[in-house]
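A quick write-up on the structure given underneath.
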Amino acid sequence: VQLVESGGGFVQAGGSLRLSCVFSGFTFEDYTIGWFRQAPGKEREGVSCTRGSIGETFYADSVKGRFTQSSDNSKNTVYLQMNNLKPEDTAVYYCVVDSGVFFHARSWSQEALYDYWGQGTQVTVSS
């Protein structure tokens with residue numbers, strides 16, 4: 001399994017970035033794919049995810065209304081469109097996959113559920 005992120009960078013507050021994650025090497029019947037982030041000195045935080053069989057996307061409260069996850073299956077790519085960025089969005093962003101059979105919406109943001117991680121891409125938002 002390979003997850004390769006790109007699209008990070010430096011942006012001023014209020015700006016936008018779009019992250020991309022190209023995934024390959026797996027043919028799970030069903031899976032969850034999404035994004036986590038880790039800010040300096042803080043624990044990893046679930047940002048968003050989509051469960052294929054459900055087709056619904058879940059978001060952290062801190063990014064609702066500003067971030068949108070989407071996918072292009074023909075390109076094996078997942079995107080994270082980030083608008084109205086704030087300095088507190090500064091973090092390393094990771095593309096993640098949970099290949100587990102079961103999915104519970106209430107626990108989507110638990111880090112331990114995700115068994116595949118990309119290398120991360122840095123997003124820095126200046127005030």
Side-chain angles (χ1 to χ4, degrees):
V1 175
Q2 278 197 318
L3 304 171
V4 181
E5 305 99 332
S6 62
F10 183 92
V11 64
Q12 291 188 332
S16 299
L17 284 174
R18 188 178 78 160
L19 306 183
S20 299
C21 171
V22 179
F23 55 92
S24 63
F26 64 91
T27 56
F28 306 127
E29 184 171 329
D30 196 9
Y31 58 91
T32 304
I33 188 165
W35 297 87
F36 270 66
R37 67 184 181 185
Q38 187 169 24
K42 295 188 177 181
E43 295 184 351
R44 286 179 178 175
E45 172 191 25
V47 176
S48 64
C49 81
T50 298
R51 181 71 176 181
S53 59
I54 298 175
E56 183 176 354
T57 302
F58 301 86
Y59 296 94
D61 288 342
S62 58
V63 307
K64 280 182 182 177
R66 301 187 298 121
F67 291 12
T68 302
Q69 179 175 320
S70 63
S71 63
D72 184 339
N73 290 334
S74 68
K75 297 181 179 180
N76 281 3
T77 303
V78 173
Y79 303 99
L80 185 67
Q81 178 66 44
M82 305 185 294
N83 297 328
N84 190 21
L85 283 160
K86 304 176 180 180
E88 51 264 41
D89 294 318
T90 295
V92 177
Y93 284 71
Y94 299 91
C95 182
V96 296
V97 166
D98 167 18
S99 64
V101 175
F102 301 104
F103 175 79
H104 299 282
R106 291 184 179 181
S107 60
W108 72 266
S109 60
Q110 290 184 7
E111 179 182 349
L113 294 175
Y114 294 86
D115 41 0
Y116 298 100
W117 292 70
Q119 82 286 352
T121 185
Q122 177 70 48
V123 171
T124 303
V125 185
S126 66
S127 58

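No hydrogens, no waters, no symmetry mates; every other heavy atom, side chains included, goes into these values.
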Within-4.5 Å side-chain heavy-atom neighbours: [X] and [Y]:
X      : Y      : result
Ser62  : Glu45  : yes
Glu111 : Glu43  : no
Thr90  : Phe10  : no
Ser20  : Lys75  : no
Met82  : Val123 : yes
Trp108 : Leu113 : no
Val97  : Phe23  : no

Without swapping roles, check the side chain of Thr121 against the backbone of Gly8 for a donor-acceptor pair under 3.5 Å.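 Checking the backbone N and O of Gly8 against the side chain of Thr121, a donor-acceptor pair under 3.5 Å is found.
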### Query
Counting only N and O atoms by type, is there a donor-acceptor contact under 3.5 Å from the side chain of Gln119 to the main-chain atoms of Val4?
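Answer holds: no.
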*How long is the span from the SG atom in Cys95 to the CH2 atom in Trp35, to the nearest 0.5 Å?*
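If we round to the nearest 0.5 Å, Cys95:SG and Trp35:CH2 are 5.0 Å apart.
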Spatial distance of atom CD (Gln110) from atom CZ (Arg44) [nearest 0.5 Å]: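 The CD atom of Gln110 sits 15.0 Å away from the CZ atom of Arg44.
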- Task: Could I get the full list of ring-ring contact (aromatic ring centres under 6.0 Å, His included) partners for Tyr31, not counting sequence neighbours?
- Result: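 Partners of Tyr31 by the ring-ring contact (aromatic ring centres under 6.0 Å, His included) criterion, ordered by chain and then number, come out as Phe26.
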Shortest non-hydrogen contact from Ser16 to Asn83?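 Closest approach of Ser16 to Asn83, heavy atoms only: OG-OD1, 3.0 Å.
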### Task
Quick one: closest heavy-atom pair of Ser48 and Leu80, and the distance?
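Closest approach of Ser48 to Leu80, heavy atoms only: OG-CD1, 3.7 Å.
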| said: Under 4.0 Å between a side-chain nitrogen and a carboxylate oxygen: does that hold for Asp61 and Lys64? | reply: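 Salt bridge: yes.
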_Around atom CD of Gln2, are there more than 12 heavy atoms from other residues, nucleotides or ligands closer than 6.0 Å?_
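Incorrect, the count does not exceed 12.
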Notebook entry, point to check: When hydrophobic residues are tied together by side-chain contacts of less than 4.5 Å, even through go-betweens, does Tyr79 share a cluster with Ile33?
Noted result: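 Cluster IDs for Tyr79 and Ile33 differ.
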Q) Going hydrophobic residue to hydrophobic residue with side-chain gaps under 4.5 angstrom, can you get from Leu3 over to Phe36? A)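 Cluster IDs for Leu3 and Phe36 differ.
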>> Whether the Asp115 and Ser99 side chains hold a donor-acceptor pair (N or O, under 3.5 Å, no angle test) is what I'd like checked.
In response: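 Side-chain D/A pair, Asp115 to Ser99: present.
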Inset, instruction - Scan side-chain atoms only and decide if Thr57 and Gln69 contain a donor-acceptor pair under the 3.5 Å cut-off. - result: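 Distance-only check fails for Thr57 and Gln69.
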Listed by chain and number, what are the side-chain contact (heavy atoms from CB on, under 4.5 Å) partners of Ala112, not counting sequence neighbours?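 Applying side-chain contact (heavy atoms from CB on, under 4.5 Å) to Ala112 gives none.
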Task: Residue pairs, two or more places apart or on separate chains, that pass ring pair (Phe, Tyr, Trp, His ring centres under 6.0 Å) and touch residues 82-105 - done: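 Qualifying pairs: Phe58-Phe103, Tyr94-Trp117.
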